[in-house]
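Structure first, then comments.
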Amino acid sequence: MARRNFDHQKNEERINKFWGSQKLSEIDIASAKNKYYCLDMFPYPSGSGLHVGHWRGYILSDFYTRYQMLQGKTVLHPMGFDSFGLPAENAAIKNKSHPKKFTDQAIKTFSAQLKQIGAAYDWTKVVTTSDPNYYRWTQWLFLQFYKHGYAEKRQSLVNWCPKDQTVLANEQVVNGKCERCGTVVTKKELAQWYLTITKIAEELLTGLDELDWPEHVKTLQRNWIGKSTGTSVVFKGKENLPDIEVFTTRVDTLMGVSAVVLAPENPLTSIYIINDIKPAFEKYLREVTAKTNIDRAQTKESSKTAIFTGSYVIHPVTGEEIPVWVADYVLSDYGSGAVMSVPAHDERDYLFAKAHNLEIIEVIRGANDSKLPFLDEGKLVNSSQYDSLTSAQAIEQMTADLAKAHLGQAKTTYRLRDWLVSRQRYWGAPVPVVYDPDGRAHAIEDKHLPVLLPTDVDFLPGGESPITRSREFVERAEKLYGKGWRFDTDTLDTFVDSSWYYLRYLTPNDAQQAFDPKLVEKWLPVDFYIGGIEHAILHLLYARFVYRFLVNHKYITNGNKEPFQKLFNIGMVTLNGAKMSKSKGNVVSPDPLIEHYGTDALRGYELFIGPLEAEAEWNPRGISGVYRFLIKANELLNKIKPASSAKAKQAFNDYLTHVNEMIADLRINTVISEAMKFVNVLEVNDFDTEVLERFLITLSPACPYICETLWQELGHKESIFTASWPESLETTKETKISLSIRVNHRHVQELVCDPAANADELLKQAKNEPKIQEKLRGKKIVQVINKPELCFIDIVTD
RNA sequence: GGGCGUGUGGUGAAAUUGGUAUACACGUCGGCUUUAGGAGCCGAUGCCGCAAGGCGUGUGGGUUCGAGUCCCACCUCGCCCACCA
């Protein structure tokens with residue numbers, strides 16, 4: 001900095017004050033016209049603070065925020081904190097403190113760090129999910145689900161993390177392990193609240209089609225919803241046994257069934273198991289329950305564990321007796337928790353049959369793999385009246401026949417499960433439900449919201465919610481409702497908190513309602529939503545569900561059913577190939593970089609490092625290139641001439657054309673490259689104030705401080721962000737163009753020529769060049785491809 | 001096993017969408033400047049070769065006057081889902 005003798009930090013402070021006084025980013029939600037809602041996924045305020053990887057997404061969203069300001073939009077660009085959750089609670093346990101204290105401190109640190117980015121956040125609209133003024137409305141939201149029959153309390157076998165001592169949603173179990181702490185998840189029987197997201201699975205699936213989201217994210221969601229069309233088939237119970245319904249996508253293999261298999265947890269098992277086998281079954285059930293999800297999902301295991309019930313069902317077509325088994329490869333919570341086993345045409349059924357000596361009947365032939373034929377590939381055999389049909393024909397015919405006989409029907413199932421929202425932890429919004437002395441659940445009335453978290457609680461996990469141990473919580477319920485009444489002592493999954501925060505930004509302090517429908521109708525959908533790929537399924541699916549629920553039940557009535565129109569997933573920043581994390585000790589702090597190079601240089605480098613959706617390896621020296629570029633840009637101020645050269649003007653127009661396209665395509669790394677190239681051009685060509693000003697506007701979304709500073713030095717009183725995105729300049733037509741002369745498709749040299757020249761003239765001119773003569777010596781020209789509009793002439797020889 | 005994606009210099013990467021491959025940077029090398037340190041400035045830098053020249057976008061084919069780009073097959077690495085009937 002000796003050379004530049006420029007104090008970034010002082011200047012940044014000065015510009016920050018200027019922007020503050022101009023109320024650049026504080027917008028009036030109600031009166032705004034021409035809105036643009038630019039949203040970052042709000043952070044969890046951890047204790048460890050922001051590193052350069054976190055910056056990347058925030059800078060991208062700020063780039064577009066400022067770019068849209070220059071397009072004349074009123075931009076809402078808010079920031080908030082997803083501040084309920086386990087880490088604060090665990091930190092409090094560790095430090096014998098309170099999660100609130102920890103959280104408040106972390107928010108303070110985070111806010112200060114976020115301000116260093118220089119982003120145009122509207123700090124008057126901060127949302128904090130652990131604030132009673134926010135979670136009061138999270139509780140209200142839960143009660144709306146309850147009111148419309150979308151919240152149900154169910155007793156079921158749930159995912160249980162033994163370390164965090166809480167249940168987990170399906171989505172929070174990753175490879176059989178707790179998403180948070182990595183502990184192997186076990187099962188536990190508990191009564192829990194569910195939001196019935198499966199009721200609108202189809203809407204959530206089809207709604208994806210209209211969204212401007214990365215295709216792979218849509219694919220992830222589609223796979224997660226997992227729509228599957230098939231047939232449900234009824235196997236009548238023998239004698240007094242109840243019927244068993246199975247779901248299959250391959251009803252064409254119905255004549256190859258050698259067993260019907262129930263999931264161990266299926267309630268029918270206890271009816272089907274005959275007395276002789278009961279003790280063996282109970283032992284089997286204990287073994288199965290003790291297994292972790294990982295153990296159970298061992299596809300490659302040579303033998304499938306199972307037990308014969310001793311009972312039979314009736315085949316719906318042949319009337320034959322089919323043995324009923326129980327096996328843990330059948331899932332209790334998918335389809336009907338029962339399958340028809342066709343060993344000849346399903347790998348799992350095949351392993352099961354082999355292990356237990358069941359009949360293997362081939363019913364499809366002609367496929368290239370006799371074990372796993374695909375639709376349309378084979379024809380049916382051993383299937384009496386269905387023989388010689390293709391699989392597709394057989395599926396249609398057999399489904400129709402079963403329906404006629406009332407033994408089946410076409411059916412669609414989804415892999416998606418209902419959303420388990422109860423958590424046995426302290427630091428979350430209490431489930432707003434109260435139980436009467438008979439244990440019946442009642443919604444808490446609006447006038448009693450929020451149900452505040454009790455404070456007389458230790459946070460040590462103990463298998464049930466720590467809140468259970470609060471005296472005050474018990475007394476509060478009795479005071480409000482009478483003796484023997486108890487509040488629900490669980491808290492809501494924090495994904496409930498984050499499923500609606502983007503609505504609250506519009507009216508963060510409204511004490512009368514969760515959100516203002518008029519303003520939501522005006523500002524939603526979010527125009528641009530930026531965050532990490534890790535939220536591709538959970539958060540984005542839940543938020544879509546919640547928003548759609550609100551629309552379907554007329555809380556919001558603008559007809560738009562999706563909250564996030566355009567989504568961008570920012571790529572991770574790595575160091576030595578690994579994700580930055582405090583525990584790995586490979587975190588790059590922005591602080592020394594800001595101090596040495598300034599905020600603009602760091603912003604510029606974060607954008608320049610590579611395509612923003614891709615992972616990027618942090619190069620500690622890379623920032624100096626951007627820094628040098630900014631020094632050069634800064635010095636342009638001293639090089640202004642009264643008039644611009646044609647070359648500078650043309651270069652600006654080319655630059656602008658490229659940059660406009662790149663911004664539309666979210667290719668910001670090349671926007672910075674183009675700016676560097678253009679500055680290199682200005683260094684050696686005369687330019688005037690007009691060119692420089694236009695250039696500064698285009699650079700300002702990436703590097704706002706230096707551009708605002710130079711803008712002021714050029715005599716402007718208003719902020720550069722009140723200017724308009726530039727148009728191209730008037731230029732005179734070039735009288736000469738530079739052509740690439742190629743011989744046999746290979747570039748040999750450049751040739752300056754008249755753009756109006758015809759092929760013969762150009763060839764004559766080219767032949768005068770010694771280098772071309774050399775290449776053509778002794779060869780016969782067989783073709784000349786003349787494309788002046790593409791700036792080349794190609795001479796093809798024999 | 002299924003799905004998606006990737007492959008270009010020493011490194012991060014560009015390539016007007018089929019038309020001058022490696023722009024823009026980092027690094028490296030040489031020179032200048034500086035009391036020193038750092039920083040700065042100028043030049044060079046795909047590979048082989050003294051050179052002439054040749055070869056070059058994972059591999060092999062194809063289409064085309066022309067392929068990093070389109071088609072086919074294969075290889076590599078990565079990510080996600082994974083007993084979903």
Side-chain angles (χ1 to χ4, degrees), chain A residues 1-4 174-176 214-220 222-224 226-228 230-231 246-251 253 261 263 293 296-301 304 327-331 333-342 345-349 351-352 372 413-417 533-534 536-537 572 577 604-605 608-611 613-629 631 654 657-658 661 667 669-680 738-742 744-750 774 782-785 787 789-796:
Chain A
M1 265 148 315
R3 188 169 192 285
R4 197 169 171 220
V174 179
N175 292 328
E215 212 40 58
H216 71 278
V217 176
K218 292 206 234 179
T219 305
L220 282 176
R222 288 193 186 105
N223 292 345
W224 190 264
K227 182 176 182 175
S228 176
T231 311
V246 304
F247 173 74
T248 179
T249 54
R250 295 298 306 275
V251 72
T253 64
V261 188
N293 289 13
R296 229 174 125 164
Q298 291 304 318
T299 325
K300 295 284 177 281
E301 209 177 347
K304 297 260 170 196
D328 69 344
Y329 79 91
V330 179
L331 305 174
D333 55 355
Y334 180 76
S336 58
V339 302
M340 60 182 217
S341 180
V342 185
H345 302 286
D346 181 281
E347 197 180 357
R348 297 153 303 183
D349 294 344
L351 292 172
F352 166 70
L372 294 166
T413 60
Y414 299 87
R415 211 188 77 119
L416 185 69
R417 311 292 152 90
I533 186 73
E534 66 272 19
I537 299 173
M572 199 170 62
Y605 182 59
F608 179 68
I609 191 167
E613 69 279 7
E615 196 177 289
E617 170 71 14
W618 187 260
N619 177 351
R621 309 211 202 197
I623 190 173
S624 61
V626 179
Y627 181 60
R628 285 180 197 131
F629 154 71
I631 290 170
D654 293 345
T657 306
H658 287 141
E661 279 174 16
R667 287 152 54 218
N669 55 324
T670 55
V671 169
I672 307 296
S673 305
E674 290 299 318
M676 289 173 168
K677 285 190 218 179
F678 183 61
V679 166
N680 290 344
S738 183
L739 276 196
S740 159
I741 315 174
R742 299 175 201 178
N744 292 328
H745 324 304
R746 226 178 151 101
H747 171 79
V748 178
Q749 73 170 83
E750 294 213 330
E774 176 69 25
V782 295
Q783 191 184 7
V784 176
I785 301 153
K787 301 264 180 184
E789 73 278 12
L790 293 168
C791 297
F792 77 88
I793 176 167
D794 193 347
I795 303 165
V796 185

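Chain letters run A, B, ... following the sequence lines, proteins first, then strands; residues in each count from 1.
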On the nucleotide A25(B), are OP1 or OP2 found under 4.0 Å from the side-chain N or O atoms that Asn680(A) carries?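 Yes.
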Any side-chain N or O of Tyr334(A) under 4.0 Å from OP1/OP2 of A85(B)?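 For A85(B), OP1/OP2 do have a side-chain N/O of Tyr334(A) under 4.0 Å.
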If you define the side chain from C-beta out and look only at heavy atoms, does anything of Phe629(A) sit under 4.5 Å from Ser624(A)?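 Answer no - side chains too far apart.
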Would you say that Val339(A) contacts Thr248(A) through its side chain, given a criterion of any heavy-atom pair below 4.5 Å between the two side chains?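 A side-chain contact is absent here, since even the closest heavy-atom pair is not under 4.5 Å.
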If pairing requires Watson-Crick or G-U wobble contacts with both distances under 3.5 Å, which nucleotide is the partner of G1(B)?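 For G1(B), the partner nucleotide comes out as C81(B), under the 3.5 Å rule.
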What is the base-pairing partner of G43(B), counting Watson-Crick and G-U wobble geometry with both distances under 3.5 Å?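 Paired with G43(B), as far as the under-3.5 Å criterion goes, is C29(B).
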May I ask you to say what Asp333(A) touches in the nucleic acid, namely base, sugar-phosphate or nothing, with a heavy-atom cut-off under 4.0 Å?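 Answer is nothing: Asp333(A) stays at 4.0 Å or more from every strand.
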Counting any heavy atom closer than 4.0 Å, what does Ile785(A) reach on the DNA or RNA strands: base, sugar-phosphate only, or nothing?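 Counting heavy atoms under 4.0 Å across all strands, the contact made by Ile785(A) includes a base.
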Tell me if the aromatic rings of Trp618(A) and Tyr605(A) count as close, with their centers under 6.0 Å from one another.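 Ring-ring flag for Trp618(A)/Tyr605(A): true, centres closer than 6.0 Å.
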Over how many whole Å does the gap from [X] atom [atom1] to [N] atom [atom2] extend?
| X | N | atom1 | atom2 | result |
| --- | --- | --- | --- | --- |
| His747(A) | G46(B) | NE2 | C1' | 16 Å |
| Asn223(A) | C4(B) | CG | P | 9 Å |
| Asn744(A) | G54(B) | CG | C1' | 15 Å |
| Asn669(A) | C24(B) | CG | C1' | 10 Å |
| Asn619(A) | G10(B) | CG | P | 17 Å |

Any donor-acceptor N/O pair under 3.5 Å between U20(B) base and Glu750(A) side chain: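 Donor-acceptor pair under 3.5 Å: yes.
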Any donor-acceptor pair, under 3.5 Å, between the side chain of Arg746(A) and the base of G56(B), if you only look at N and O atoms?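 In this structure, the two groups form a donor-acceptor pair.
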What nucleotide, of A15(B), G27(B), G12(B), holds the atom closest to the side chain of Arg667(A)?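 Nearest to the side-chain atoms of Arg667(A), counting from C-beta on, is A15(B).
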Where the side chain of Arg415(A) is concerned, which of A82(B), A85(B), A25(B) is the nearest nucleotide?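 So the side chain of Arg415(A) is nearest to A82(B).
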Could you check Ile623(A) against Ser228(A) and say which one's nearest nucleotide on RNA chain B is further toward the 5' end?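 Upstream on the strand: Ile623(A).
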